[in-house]
Amino acid sequence: ECPPSGYWFGPAIGHADIAVAAVLRFIREAHTGLVDMGAYPKLQALAATCEALPVFNDISQPFIPPA
């Protein structure tokens, strides 16, 4: 469970937050419908918090499935 700060281990983003947000984005894009994220609102909120950061948008790449 995420703390009120919005991150796993305190007031600043860390490796765990980045890893979780990246995995959730991959699942959402590569395996659409596999996981009902509505069942995990706190994880969904963490991912949204991370993805709202400008750095996430700067380095984000679209998922391109293998041919």
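Counting begins at 1 with the first residue of the sequence.
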Query raised in the report: In terms of hydrophobic clusters joined by side-chain contacts under 4.5 Å, are Val20 and Met37 together?
Result: yes
Query raised in the report: Rounded to the nearest 0.5 Å, how far apart are CD1 of Ile18 and SG of Cys50?
Result: 7.0 Å
For residues 51-66, dump all side-chain donor-acceptor pairs below 3.5 Å to protein atoms at least two apart in sequence or in another chain.
from	atom 1	to	atom 2	distance (Å)
Glu51	OE1	Arg25	NH2	3.0
Glu51	OE1	Arg28	NH2	3.3
Ser60	OG	Arg25	NH1	2.6

Requested in this report: State which residues pass side-chain contact (heavy atoms from CB on, under 4.5 Å) with Val23; sequence neighbours excluded, sorted by chain then number.
Outcome: Ile27
Query raised in the report: How would you list, by chain and number, every residue that makes a side-chain contact (heavy atoms from CB on, under 4.5 Å) with Ala22, sequence neighbours excluded?
Result: none
Query raised in the report: Looking at residues at least two apart in the chain, or sitting in another chain, which of them share a ring-ring contact (aromatic ring centres under 6.0 Å, His included) with His15?
Result: none
Query raised in the report: Between Asp17 and Trp8, is there a donor-acceptor pair closer than 3.5 Å when you use the side chain of the first and the backbone of the second?
Result: yes
**Report entry** hydrophobic_cluster_shared for Leu46 and Val35, side chain cutoff 4.5 Å
**Finding:** yes
Query raised in the report: Can you find a pair of side-chain heavy atoms, one from Leu24 and one from Tyr40, that are under 4.5 Å apart?
Result: no
